[in-house]
Student: 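The structure follows.
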Amino acid sequence: MKWRTTIITVGLICAAAAGIALWVIHARPVGHWLEIHTGTVNEPGPYYGFWSGFGSDLTEFAVIGTIATGVYQLVRKYNCHYPGCWRVGNHPAAGGQFSLCYIHHPDYQGKKPTHELIQRLHREHLERQAALLGGFHEIREHLADKPADANGVSGPGAPTAPADSSGNTQAGRGRWK
Ligand SMILES: [Zn+2]
């Protein structure tokens, strides 16, 4: 992203420089106009003041512009993904798809994470991990048993079988796929 912008900028500057060079070489009357207006000849002319004053700062503006662009890119990378939010977003949401500030992260409900919230979320995370591991273990056990009792009778139905057999508690929340 940053490199593309740099290449385009350099390209435009080169094109502009080439254009000006051709103009000066091939169009003498216009070139004369340019010489006056850039302060090359007729030094006490009306444009001398511009080039020795404000005009001499133009390169500094370009440098400031480059720095501003860099800062903008950095901010874009680290700020909260919520539309119009300029806080630093270092809390991942939806498995890392979003970086959100504590105000916009759904788990924190607009408040700074408290000690209790951190404890609770950590516990929930551990429970989820354990449940997930338990589920995988159950499936693996079941698949290992499968060839013994049902000799390939229902191949595609096998992965959903553990949810059916492991309990009626999950029936209300839908099948595990
Ligand atoms: Zn935010």
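A quick note: this is a predicted structure, and the numbers were derived from the prediction, not measured. Atoms within each ligand, like the ligands themselves, are counted from 1 in listed order.
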Student: With a cut-off of 2.8 Å, which protein N/O/S atoms are close to the Zn ion (ligand 1), if we only count those under it?
Tutor: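 Result, waters dropped: Cys80 SG, Cys85 SG, Cys101 SG, His104 ND1.
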
Student: What ring-ring contact (aromatic ring centres under 6.0 Å, His included) pairs are there with at least one residue in residues 80-101, not counting sequence neighbours?
Tutor: Tyr82-His104, His91-Tyr108

Student: How long is the span from the CZ atom in Arg128 to the CG atom in Leu121, to the nearest 0.5 Å?
Tutor: 8.5 Å

Student: Taking atom SG of Cys101 and atom NZ of Lys112, what is their separation to the nearest 0.5 Å?
Tutor: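 Cys101 SG to Lys112 NZ: 11.0 Å, rounded to 0.5 Å.
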
Student: Roughly how far apart are Asp107 CG and Glu124 CD, rounded to 0.5 Å?
Tutor: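 Answer rounded to 0.5 Å: 8.0 Å.
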
Student: Is it true that a side-chain atom of Asn90 and a backbone atom of Leu100 form a donor plus acceptor pair closer than 3.5 Å?
Tutor: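 No, Asn90 side chain to Leu100 backbone: no donor-acceptor pair under 3.5 Å.
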
Student: Quick test of your reading of the model: are Arg120 and Glu116 salt-bridged, counting only N-O distances below 4.0 Å?
Tutor: no

